[in-house]
> 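Please read through the structure below; I'll follow up with questions.
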Amino acid sequence: MSERMILKLGGSVITDKSADCTVNRESLATIAAAIAQSRTSGIVVIHGAGSCGHPEAKRYHLDKGASSGQTDGIWVTHRVVSGLNDEVVRALRDAGVAAVGVHPFHTAVADNGRLVSFEHRHLEKMLALGMVPVIHGDVVMDLTRGACIVSGDQLVRYLALALHIPCVGLATDVPGVLDGTCVVPKITRGTMPEIQIGNSKHTDVTGGMSGKLNELLELADAGIGSDIFHVSRTRDFLNGNDHGGTHVRGEKNE
Ligand code: IPE
(Lines give C-alpha, C1' and ligand atoms only; values in the text may rest on other atoms or scores of the structure.)
Protein backbone atom coordinates (compact mmCIF):
# COMPACT_ATOMS: atom_id res chain seq x y z
CA MET A 1 0.00 0.00 0.00
CA SER A 2 1.73 3.22 -1.10
CA GLU A 3 -0.89 5.89 -0.44
CA ARG A 4 -0.29 8.18 2.49
CA MET A 5 -2.23 7.61 5.65
CA ILE A 6 -3.11 9.15 8.98
CA LEU A 7 -3.16 6.97 12.08
CA LYS A 8 -4.81 8.52 15.13
CA LEU A 9 -4.08 6.97 18.51
CA GLY A 10 -6.81 7.73 21.03
CA GLY A 11 -5.65 9.05 24.38
CA SER A 12 -7.26 6.02 25.99
CA VAL A 13 -4.87 3.62 24.21
CA ILE A 14 -1.65 5.42 25.12
CA THR A 15 -2.50 6.54 28.68
CA ASP A 16 -4.36 5.15 31.65
CA LYS A 17 -7.41 7.40 31.67
CA SER A 18 -8.42 6.41 35.21
CA ALA A 19 -5.27 7.92 36.80
CA ASP A 20 -3.42 11.26 36.70
CA CYS A 21 -1.07 11.51 33.70
CA THR A 22 0.08 7.90 33.29
CA VAL A 23 1.61 6.84 29.99
CA ASN A 24 0.83 3.27 28.88
CA ARG A 25 4.34 2.40 27.68
CA GLU A 26 3.49 -1.23 26.99
CA SER A 27 0.70 -0.24 24.62
CA LEU A 28 2.95 2.38 22.99
CA ALA A 29 5.69 -0.20 22.38
CA THR A 30 3.17 -2.60 20.80
CA ILE A 31 1.77 0.12 18.53
CA ALA A 32 5.27 1.29 17.57
CA ALA A 33 6.23 -2.29 16.62
CA ALA A 34 3.06 -2.62 14.49
CA ILE A 35 3.92 0.60 12.65
CA ALA A 36 7.59 -0.33 12.23
CA GLN A 37 6.66 -3.71 10.74
CA SER A 38 3.93 -2.36 8.44
CA ARG A 39 5.13 0.97 7.09
CA THR A 40 7.78 3.44 8.19
CA SER A 41 7.04 6.31 5.82
CA GLY A 42 4.07 8.05 4.26
CA ILE A 43 2.32 8.07 7.61
CA VAL A 44 1.25 10.90 9.89
CA VAL A 45 0.60 9.88 13.49
CA ILE A 46 -1.83 12.00 15.50
CA HIS A 47 -2.54 11.24 19.14
CA GLY A 48 -4.95 12.33 21.82
CA ALA A 49 -4.20 13.39 25.38
CA GLY A 50 -6.00 10.89 27.62
CA SER A 51 -4.99 11.44 31.24
CA CYS A 52 -2.12 13.71 30.10
CA GLY A 53 -4.11 16.80 29.10
CA HIS A 54 -7.84 16.33 29.60
CA PRO A 55 -7.74 16.74 33.40
CA GLU A 56 -5.55 19.88 33.09
CA ALA A 57 -7.76 21.37 30.35
CA LYS A 58 -10.80 20.77 32.54
CA ARG A 59 -9.15 22.13 35.70
CA TYR A 60 -8.28 25.41 33.93
CA HIS A 61 -11.61 25.56 31.99
CA LEU A 62 -9.77 25.75 28.68
CA ASP A 63 -12.84 24.31 26.96
CA LYS A 64 -14.38 27.74 27.69
CA GLY A 65 -11.33 29.76 26.60
CA ALA A 66 -8.78 31.93 28.40
CA SER A 67 -8.66 35.57 29.42
CA SER A 68 -5.98 38.07 30.29
CA GLY A 69 -4.11 37.09 33.44
CA GLN A 70 -5.70 33.62 33.43
CA THR A 71 -3.21 31.86 31.22
CA ASP A 72 -1.40 29.36 33.47
CA GLY A 73 -3.58 26.52 32.15
CA ILE A 74 -2.31 27.11 28.62
CA TRP A 75 1.26 26.44 29.66
CA VAL A 76 0.39 23.59 32.07
CA THR A 77 -1.79 21.75 29.55
CA HIS A 78 0.57 22.24 26.64
CA ARG A 79 3.49 21.06 28.74
CA VAL A 80 1.80 17.84 29.88
CA VAL A 81 0.53 16.87 26.43
CA SER A 82 3.94 17.73 24.93
CA GLY A 83 5.51 15.36 27.45
CA LEU A 84 3.19 12.62 26.21
CA ASN A 85 4.16 13.49 22.63
CA ASP A 86 7.85 13.05 23.56
CA GLU A 87 7.03 9.55 24.82
CA VAL A 88 5.15 8.61 21.64
CA VAL A 89 8.03 9.87 19.49
CA ARG A 90 10.57 8.02 21.65
CA ALA A 91 8.64 4.72 21.38
CA LEU A 92 8.45 5.05 17.59
CA ARG A 93 12.13 5.96 17.28
CA ASP A 94 13.10 3.02 19.51
CA ALA A 95 11.22 0.80 17.05
CA GLY A 96 13.17 2.27 14.12
CA VAL A 97 10.63 4.81 12.81
CA ALA A 98 11.95 8.30 11.87
CA ALA A 99 9.36 10.03 14.06
CA VAL A 100 9.44 13.71 15.02
CA GLY A 101 7.06 15.65 17.27
CA VAL A 102 5.05 18.59 15.87
CA HIS A 103 3.08 20.78 18.29
CA PRO A 104 -0.15 22.48 17.13
CA PHE A 105 0.35 25.21 19.79
CA HIS A 106 3.28 26.45 17.69
CA THR A 107 1.81 26.11 14.23
CA ALA A 108 -1.99 26.42 14.39
CA VAL A 109 -4.61 29.12 15.02
CA ALA A 110 -8.26 28.55 15.95
CA ASP A 111 -11.41 30.64 16.04
CA ASN A 112 -14.29 29.71 18.31
CA GLY A 113 -12.78 26.30 18.95
CA ARG A 114 -12.24 25.43 15.29
CA LEU A 115 -8.90 25.37 13.49
CA VAL A 116 -8.58 28.15 10.95
CA SER A 117 -4.96 27.58 10.00
CA PHE A 118 -2.23 25.00 10.44
CA GLU A 119 1.06 25.50 8.63
CA HIS A 120 1.55 22.20 6.82
CA ARG A 121 4.22 22.87 4.21
CA HIS A 122 6.81 21.60 6.68
CA LEU A 123 4.76 18.39 7.12
CA GLU A 124 4.82 17.86 3.33
CA LYS A 125 8.59 18.23 3.42
CA MET A 126 8.93 15.81 6.34
CA LEU A 127 6.81 13.22 4.50
CA ALA A 128 8.86 13.69 1.34
CA LEU A 129 12.02 12.98 3.37
CA GLY A 130 10.53 9.77 4.83
CA MET A 131 9.96 11.28 8.27
CA VAL A 132 6.89 10.50 10.39
CA PRO A 133 5.34 13.64 11.94
CA VAL A 134 3.72 12.91 15.30
CA ILE A 135 1.09 15.56 16.11
CA HIS A 136 -1.22 15.76 19.12
CA GLY A 137 -4.42 17.24 20.49
CA ASP A 138 -3.26 20.52 22.07
CA VAL A 139 -4.06 23.98 23.37
CA VAL A 140 -4.21 26.44 20.49
CA MET A 141 -4.55 30.23 20.60
CA ASP A 142 -8.07 31.19 19.60
CA LEU A 143 -8.96 34.50 17.89
CA THR A 144 -12.28 34.76 19.77
CA ARG A 145 -11.84 32.78 23.00
CA GLY A 146 -8.19 33.49 23.73
CA ALA A 147 -7.31 29.81 23.70
CA CYS A 148 -9.09 26.53 23.10
CA ILE A 149 -8.51 22.80 23.01
CA VAL A 150 -8.16 21.25 19.58
CA SER A 151 -8.72 17.50 19.66
CA GLY A 152 -6.68 14.97 17.75
CA ASP A 153 -9.88 14.18 15.84
CA GLN A 154 -10.22 17.79 14.68
CA LEU A 155 -6.58 17.65 13.57
CA VAL A 156 -7.31 14.42 11.69
CA ARG A 157 -10.07 16.13 9.72
CA TYR A 158 -8.07 19.32 9.05
CA LEU A 159 -4.82 17.62 8.06
CA ALA A 160 -6.37 14.83 5.96
CA LEU A 161 -7.90 17.60 3.84
CA ALA A 162 -4.87 19.92 3.86
CA LEU A 163 -2.41 17.13 2.99
CA HIS A 164 -4.82 15.27 0.67
CA ILE A 165 -4.50 12.05 2.63
CA PRO A 166 -7.19 9.57 1.57
CA CYS A 167 -6.65 6.85 4.17
CA VAL A 168 -7.50 7.59 7.81
CA GLY A 169 -7.61 5.18 10.74
CA LEU A 170 -8.42 5.73 14.40
CA ALA A 171 -7.16 3.20 16.96
CA THR A 172 -9.32 3.21 20.10
CA ASP A 173 -9.96 1.13 23.22
CA VAL A 174 -13.24 -0.15 21.78
CA PRO A 175 -13.66 -2.39 18.71
CA GLY A 176 -15.46 0.33 16.72
CA VAL A 177 -18.53 2.51 17.19
CA LEU A 178 -20.84 0.57 19.47
CA ASP A 179 -24.62 0.55 19.28
CA GLY A 180 -25.28 -1.09 22.64
CA THR A 181 -22.72 -3.90 22.56
CA CYS A 182 -22.59 -4.40 18.78
CA VAL A 183 -20.03 -2.84 16.44
CA VAL A 184 -21.72 -0.73 13.76
CA PRO A 185 -19.92 -1.79 10.55
CA LYS A 186 -20.68 1.37 8.56
CA ILE A 187 -21.84 4.87 9.46
CA THR A 188 -22.94 7.63 7.12
CA ARG A 189 -24.59 10.94 7.97
CA GLY A 190 -27.90 9.30 7.05
CA THR A 191 -27.55 6.35 9.46
CA MET A 192 -26.05 8.37 12.34
CA PRO A 193 -29.37 9.39 14.00
CA GLU A 194 -30.38 5.72 14.37
CA ILE A 195 -27.36 4.91 16.55
CA GLN A 196 -27.25 5.27 20.35
CA ILE A 197 -23.66 6.26 21.13
CA GLY A 198 -22.29 5.78 24.64
CA ASN A 199 -20.20 8.43 26.41
CA SER A 200 -16.74 8.18 27.95
CA LYS A 201 -16.56 7.48 31.72
CA HIS A 202 -13.45 9.65 32.00
CA THR A 203 -12.78 13.40 31.80
CA ASP A 204 -13.11 14.38 28.15
CA VAL A 205 -13.28 18.04 27.11
CA THR A 206 -13.54 17.28 23.39
CA GLY A 207 -16.79 15.33 23.15
CA GLY A 208 -15.85 11.62 23.32
CA MET A 209 -17.16 9.31 20.59
CA SER A 210 -19.83 11.70 19.32
CA GLY A 211 -17.22 14.52 18.99
CA LYS A 212 -15.08 12.07 17.04
CA LEU A 213 -17.94 11.09 14.71
CA ASN A 214 -18.83 14.71 13.99
CA GLU A 215 -15.27 15.32 12.77
CA LEU A 216 -15.22 12.12 10.73
CA LEU A 217 -18.60 12.77 9.13
CA GLU A 218 -17.35 16.22 8.05
CA LEU A 219 -14.35 14.48 6.53
CA ALA A 220 -16.62 11.94 4.83
CA ASP A 221 -18.74 14.80 3.43
CA ALA A 222 -15.52 16.03 1.78
CA GLY A 223 -14.96 12.58 0.21
CA ILE A 224 -12.47 11.06 2.68
CA GLY A 225 -13.64 7.97 4.53
CA SER A 226 -12.16 6.80 7.82
CA ASP A 227 -12.02 3.65 9.91
CA ILE A 228 -12.38 3.20 13.69
CA PHE A 229 -11.01 -0.02 15.16
CA HIS A 230 -9.57 -1.57 18.30
CA VAL A 231 -5.90 -0.73 18.86
CA SER A 232 -5.03 -4.46 18.76
CA ARG A 233 -6.10 -4.40 15.06
CA THR A 234 -3.75 -1.54 14.10
CA ARG A 235 -1.56 -3.83 12.04
CA ASP A 236 -4.60 -5.04 10.08
CA PHE A 237 -5.57 -1.45 9.30
CA LEU A 238 -2.03 -0.51 8.26
CA ASN A 239 -1.88 -3.52 5.95
CA GLY A 240 -5.28 -2.84 4.41
CA ASN A 241 -6.90 -5.93 5.97
CA ASP A 242 -10.28 -6.30 7.65
CA HIS A 243 -10.09 -4.86 11.18
CA GLY A 244 -13.57 -5.69 12.46
CA GLY A 245 -14.34 -2.02 13.20
CA THR A 246 -16.49 0.79 11.81
CA HIS A 247 -16.18 2.45 8.41
CA VAL A 248 -17.32 6.10 8.34
CA ARG A 249 -18.27 6.99 4.81
CA GLY A 250 -19.92 9.75 2.78
CA GLU A 251 -23.34 9.13 1.26
CA LYS A 252 -21.76 8.56 -2.14
CA ASN A 253 -18.46 6.78 -1.45
CA GLU A 254 -18.41 3.10 -0.40
C1 IPE B 1 -7.29 16.52 23.68
O2 IPE B 1 -7.09 15.71 22.57
C3 IPE B 1 -6.16 17.50 23.84
C4 IPE B 1 -6.05 18.11 25.19
C5 IPE B 1 -6.91 17.94 26.15
C6 IPE B 1 -4.89 18.95 25.44
P7 IPE B 1 -8.10 14.52 22.24
O8 IPE B 1 -9.51 14.95 22.51
O9 IPE B 1 -7.80 14.07 20.85
O10 IPE B 1 -7.68 13.38 23.27
P11 IPE B 1 -8.35 11.95 23.52
O12 IPE B 1 -8.01 11.06 22.39
O13 IPE B 1 -9.86 12.18 23.62
O14 IPE B 1 -7.77 11.51 24.83
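As the structure is a prediction and not an experimental result, all values here were calculated from the model. Both counts, for ligands and for their atoms, begin at 1 and track the order of listing.
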> Counting heavy atoms only, which of Thr77, Asp173, Leu170 comes nearest to atom 6 (C) of ligand 1?
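The option holding the nearest heavy atom is Thr77.
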
> Is the distance between the ring centroids of His164 and His120 less than 6.0 Å?
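No, the ring centres sit 6.0 Å or more apart.
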
> Could you tell me which atoms of ligand 1, counted from 1 in the order shown, lie closer than 4.0 angstrom to a heavy atom of Lys17?
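Once the distances to Lys17 are compared, the set is 13 (O), 14 (O).
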
> Say you draw a straight line from NE2 of His47 to SG of Cys52; how long is it, rounded to the nearest 0.5 Å?
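Going from NE2 on His47 over to SG on Cys52, the span is 9.5 Å.
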
> Atoms of ligand 1 less than 4.0 Å from Gly11 heavy atoms?
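Those atoms are 11 (P), 12 (O), 14 (O).
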
> Do any nitrogen or oxygen atoms of His54 lie less than 3.5 angstrom from nitrogen or oxygen atoms of ligand 1?
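Such a contact does occur with ligand 1.
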
> Hey, does Val139 come in under 3.5 Å of ligand 1, counting only N/O atoms on both sides?
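No, no N or O pair falls under 3.5 Å.
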
> N/O to N/O below 3.5 Å, does that happen between Ala49 and ligand 1?
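In this structure, Ala49 places an N or O atom under 3.5 Å from an N or O of ligand 1.
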
> So, are Arg90 and Asp86 salt-bridged, with charged N and O less than 4.0 Å apart?
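Here Arg90 does not pair with Asp86 in a salt bridge, since their nearest N and O are not under 4.0 Å apart.
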
> Can you find an N/O atom of Ile149 closer than 3.5 Å to an N/O atom of ligand 1?
no

> Taking 4.0 angstrom as the limit and counting only heavy atoms of Gly53, give me the atoms of ligand 1 inside it, by number and element.
5 (C)

> Thinking salt bridges, do Arg114 and Glu218 make one under a 4.0 Å N-O criterion?
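Here Arg114 pairs with Glu218 in a salt bridge, since their nearest N and O are under 4.0 Å apart.
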
> Working to the nearest 0.5 Å, report the span between NZ of Lys8 and CD1 of Ile46.
8.5 Å

> Is the shortest side-chain N to carboxylate O distance from Arg249 to Asp227 below 4.0 Å?
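Looking at Arg249 and Asp227, the cut-off is met.
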
> Any idea which atoms of ligand 1 are less than 4.0 Å away from a heavy-atom of Gly48?
7 (P), 9 (O), 10 (O), 11 (P), 12 (O)

> At a 4.0 Å threshold, what atoms of ligand 1 neighbour a non-hydrogen atom of Gly152?
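Near Gly152, meaning under 4.0 Å from one of its heavy atoms, ligand 1 has 2 (O), 7 (P), 9 (O).
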
> Could you list the atoms of ligand 1 found under 4.0 angstrom from a heavy atom of Gly10?
12 (O)

> Could you measure the distance from the CG atom of Leu62 to the OG1 atom of Thr77? Nearest 0.5 Å is fine.
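It is 4.5 Å, given to the nearest 0.5 Å.
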
> Look at ligand 1 and say whether Lys8 reaches it with a heavy atom at a distance under 4.0 Å.
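Flag set, Lys8 near ligand 1.
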
> Take atom CZ in Arg189; do more than 12 heavy atoms of anything else shown fall under 6.0 Å from it?
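For Arg189, atom CZ is crowded (more than 12 foreign heavy atoms under 6.0 Å).
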
